[in-house]
K.L.:
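Can you read through this structure? Questions will come right after.
All heavy atoms count here, side chains included; hydrogens, waters and symmetry mates do not.
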Amino acid sequence: MEIINAKEFNKNPSLDEMVEPDNHLKNFLVEYVGDKYNPEDGEVTVEMIVETMASEFPEFLLAVAEENWIRGYHQALDDVELGKAEMEKLKNEEDNQPHTGE
């Protein structure tokens, strides 16, 4: 059995993915971040790009994070409403069941 710590458990595996410069923007980011970090293996990860964006263009990441939070909040509210409706449906079904009087 593999044992991992809390930091490893909470880490998004997408952050370790290598970025393939398959379009102009990705190529620019890979070159820019590669020049900044100068990784020994020459590979630029998503995490490196996120860290660079956070330090050099935080307003961009803030806008993305805010939009993600708002969408998640709305989804949570929708899920609560759906859950309440399902619970009410189950309660009504139970109330309409014939009682045996035991």
K.L.:
From His74 NE2 over to Asp79 CG, what is the distance, rounded to the nearest 0.5 angstrom?
P.N.:
13.0 Å

K.L.:
In Å, rounded to the nearest 0.5 Å, how long is the span from CG of Leu82 to CD of Gln75?
P.N.:
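If we round to the nearest 0.5 Å, Leu82:CG and Gln75:CD are 9.5 Å apart.
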
K.L.:
In sequence, state the C-alpha distance, the side-chain angles, and the governing distance for Leu29 and Val19, and then conclude on side chain to side chain contact (heavy atoms under 4.5 Å, CB included).
P.N.:
CA-CA 9 Å; Leu29 288 170; Val19 179; over 6 Å; no

K.L.:
I'd like to know if Ile70 and Tyr73 are part of one continuous hydrophobic network [Ile/Leu/Val/Met/Phe/Trp/Tyr, side-chain heavy atoms within less than 4.5 Å].
P.N.:
yes

K.L.:
What about Leu25 and Met48, same hydrophobic cluster or not, with Ile/Leu/Val/Met/Phe/Trp/Tyr joined at side-chain heavy-atom distances under 4.5 Å?
P.N.:
yes

K.L.:
Roughly how far apart are Lys91 NZ and Asp95 CG, rounded to 0.5 Å?
P.N.:
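Those atoms lie 4.5 Å apart.
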
K.L.:
Which atoms form the tightest heavy-atom contact between Asn27 and Pro21, and what is the distance?
P.N.:
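Looking at all heavy atoms of both residues, the closest pair is CA-CB, 3.6 Å.
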
K.L.:
Does one hydrophobic cluster hold both Val33 and Phe57, with members joined at side-chain heavy-atom distances below 4.5 Å?
P.N.:
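In one cluster with Val33: Phe57, yes.
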
K.L.:
Transitively linked via ILVMFWY side-chain contacts under 4.5 Å: Tyr32 with Leu15?
P.N.:
yes

K.L.:
Looking at side-chain heavy atoms only, is the closest gap between Pro39 and Met18 below 4.5 Å?
P.N.:
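Side-chain contact under 4.5 Å: no.
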
K.L.:
Locate the shortest heavy-atom distance separating Met53 from Phe60; write the atom from each residue and the value.
P.N.:
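Looks like CE-CD2, 3.4 Å.
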
K.L.:
Determine whether Glu17 and Thr45 satisfy the following criterion, side chain to side chain contact (heavy atoms under 4.5 Å, CB included), listing intermediate values before the conclusion.
P.N.:
CA-CA 5 Å; Glu17 292 178 8; Thr45 64; over 6 Å; no

K.L.:
How many angstroms lie between atom CD of Glu51 and atom CD of Glu56, to the nearest 0.5 angstrom?
P.N.:
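Output value for this atom pair is 11.5 Å.
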
K.L.:
Quick one: pull up CG in Leu61 and OG1 in Thr52 and give me the separation to the nearest 0.5 Å.
P.N.:
10.0 Å

K.L.:
For a 4.5 angstrom cut-off between non-hydrogen side-chain atoms, does Arg71 reach Glu67?
P.N.:
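Counting from C-beta outward, Arg71 and Glu67 do come under 4.5 Å.
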
